[in-house]
**Student:** 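Here it is, the structure, as structure tokens.
Chain A is the first sequence line, chain B the second, and so forth, proteins listed ahead of strands; every chain is numbered from 1.
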There are 2 protein chains.
Amino acid sequence: MNLLPIAAVERDTGIGKDTLRVWERRYAFPQPTRDAKGERLYPAEQVDKLRLLRRLLDQGHRPGNIVGEPLETLLALVDARSEAPPAAANAQIEALIEAVRLHHSAELRAALQQHLVKLGLQRFAAEVVAPLSDAVGEAWLQGRIGVAEEHLFTEQVQNLLRSAIGSLAPSGGTPRMLLTTLPGEEHILGLLMVEATLIPEGVHCVSLGTQTPLADIAEAARGGGFDIVAVSFSAAFPARQAVAALRQLRAQLLPGIALWAGGAALRGKRRPIDGVCQIDPLADVLAALAAWRAAQP
Amino acid sequence: MNLLPIAAVERDTGIGKDTLRVWERRYAFPQPTRDAKGERLYPAEQVDKLRLLRRLLDQGHRPGNIVGEPLETLLALVDARSEAPPAAANAQIEALIEAVRLHHSAELRAALQQHLVKLGLQRFAAEVVAPLSDAVGEAWLQGRIGVAEEHLFTEQVQNLLRSAIGSLAPSGGTPRMLLTTLPGEEHILGLLMVEATLIPEGVHCVSLGTQTPLADIAEAARGGGFDIVAVSFSAAFPARQAVAALRQLRAQLLPGIALWAGGAALRGKRRPIDGVCQIDPLADVLAALAAWRAAQP
DNA sequence: TCAACAGTTTGTCCAAGACAAAATGAATCT
DNA sequence: AGATTCATTTTGTCTTGGACAAACTGTTGA
């Protein structure tokens, strides 16, 4: 059997060391074995369960109710979830998912390319990439695909979107927008979808990729004369940290610069954050753009 | 003044909470203030110094000698370093660096594109991207550019390389190679450079992007019928963890599958790791490919 | 239906100690 | 000189148990 030390488990599951230890104390799970030094060693099956737990937490479940429950109960929760929404039952999306599942990267690439050409960049992002991205996350949760397949999918889509975005001449238009994610958020697809949606509208987009420290975002926004800073969050990003970081970033940013935040991590937030424009479905970004332009003299 | 809690400092500097606390105990630096709860709050200037320390450690310095030293001493170390190698004094590279420094993204893009067309993909990777990447790291160390500029550079190069790689038809040739980085390594440029070098040689490359868990790499390699697994490390990756993770991956991989590892983190390793092919300068990858092909029946 | 309240849950932080892996430097042998 | 062995420091990571505020829950009252 394969045993992992606590640091490896933190990296593989995204659950912090402190949290792993406190769960063990409170919910009697996980229960790692110990090595000669007395240090925790987690069996692979417990790590698998932790990954599942992480995903269920992202979906809105609470630790007290699910950590400690046996595996069957958790799987039942997954099944219950996947029955509720009829999977949006889009046959095209399902076909793409199947290509991901079987590692058919050439077919996947060809099919995506076809959709891109047929729909155009904006609709491709909104009608193919966004739902497909959700569907891949869902399929992972159900155990139908693995992490490797998820990564493969991300790479393929990224190649396509970056090629398409790069082939459009830099606009030099307004507003000038700086795009990035905060430290800890490594998912870039949300960012690329926003860029794909806004570039055809004549927005001047500059992406810094993922995980830019707050201070550097603020400095770049000031120095580059940007009008808007846009950051994106995946469902995996802890909402608690997202809110704190957004407040902090807002404080460091010049008041004249707008701050847009979007993505699943902020879904279901009751109170909006002062000075932060929340954009949840991807389509909202066009409305936000129209609003921004209307507010300019 | 701007004060950051310990978790934010960990994310911004990459130095773990435990390490931050133990440095404070041993070297009397950093010395954060405390809030009402008694929790650490780090002033921005100490965080800046921590970032510099991190970089110096990556360059081979040892904590006992540099943490605790005043800022001027550290800056002197940086200067001493940059005088030693005459910066490879390539005028073209310097011009590109200047474009990065000034946020001239349009010019940067155009110049890179020009080099790519002129040199071809392989030489572009080896003669432009690789040295430019090093030079950007060096410029960051000297404080000539910030993190935002570094990210901007990475994005631009990534767009170009991905477009170029994507425009080549999938080869279906041999060997079949799986490329990725290990959890904790987020730099993708090394991977893209390898892909750019090998695809024109007819190698069938499949990239999983960054940070794939070991178990998923092994499973994907088995399921996809790959001949070679290639992983890349940046200078920022702790060599200690790299060696441990490579041993672990080697153990999980089928014996018939070769494991290639490259990148700055393994530079200066005395003993090679059993069953791992180490590739340090980018050019070596072609030699390794020739060797692999020669060994096939 | 919404707002305010009290109660519970939960992630993160602290302290000081411990230890093994890695780096260093000295000594010894080809 | 160059390589190999050994002892000594250095250094990051892990341990325990306690503590607390922010966020969430569910109830009460308008």
**Student:** Going by modelled atom types, is there a donor-acceptor pair between the base of dG11(C) and the side chain of R26(A) at under 3.5 Å?
**Tutor:** yes
**Student:** Nearest heavy atom decides the nucleotide; on that basis, is D18(B) or Y27(A) closer to the 5' end of DNA chain C?
**Tutor:** Y27(A)
**Student:** Classify the side chain of R25(B) versus the base of dA16(C) as yes if they form a donor-acceptor pair under 3.5 Å and no if they do not.
**Tutor:** yes
**Student:** Can a side chain N or O of T19(B) be found less than 4.0 Å away from OP1 or OP2 on dT11(D)?
**Tutor:** no
**Student:** Per the end-axis method with five pairs at each terminus, what is the bend angle of the helix from dT1(C)-dA30(D) to dT30(C)-dA1(D), to 10°?
**Tutor:** 40°
**Student:** Answer yes when R55(B) and D58(B) have at least one side-chain N-carboxylate O distance shorter than 4.0 Å, and no when they do not.
**Tutor:** no
**Student:** Starting at atom NZ of K17(B), determine the distance to atom P of dA16(C), rounded to an integer number of angstrom.
**Tutor:** 19 Å
**Student:** Tell me whether the OP1 or OP2 atom of dG12(D) has a side-chain N or O from R62(B) closer than 4.0 Å.
**Tutor:** no
**Student:** Between residues 63-72 of chain A and DNA chain C, which residues have a heavy-atom gap below 4.0 Å?
**Tutor:** P63(A), G64(A)
**Student:** Tell me whether the OP1 or OP2 atom of dG12(D) has a side-chain N or O from W23(B) closer than 4.0 Å.
**Tutor:** yes
**Student:** Would one find a side-chain N or O of R21(A) under 4.0 angstrom from OP1 or OP2 of dT16(D)?
**Tutor:** no
**Student:** Does any non-hydrogen side-chain atom of V194(A) lie less than 4.5 Å from one of S232(A)?
**Tutor:** no
**Student:** So if I take every side-chain heavy atom of K37(A) and compare against dC14(D), dT15(D), dC19(C), which nucleotide ends up nearest?
**Tutor:** dC19(C)
**Student:** The side chain of E39(B) lies closest to which of these nucleotides: dC13(C), dC19(C), dA15(C)?
**Tutor:** dC13(C)
**Student:** Donor-acceptor pair, T13(B) side chain versus V9(B) backbone, under 3.5 Å?
**Tutor:** yes
**Student:** Roughly how many Å is it from CG in D35(B) to P in dA19(D), rounded to a whole number?
**Tutor:** 18 Å
**Student:** Tell me yes or no: between the side chains of H187(B) and E185(B), is some donor less than 3.5 Å from an acceptor?
**Tutor:** yes
**Student:** Within the 3.5 Å criterion, strictly below it, is a donor on E186(A) or Q211(B) matched to an acceptor on the partner's side chain?
**Tutor:** yes
**Student:** Quick one: does E72(A)'s side chain get under 4.5 Å of L75(A)'s, heavy atoms only?
**Tutor:** no
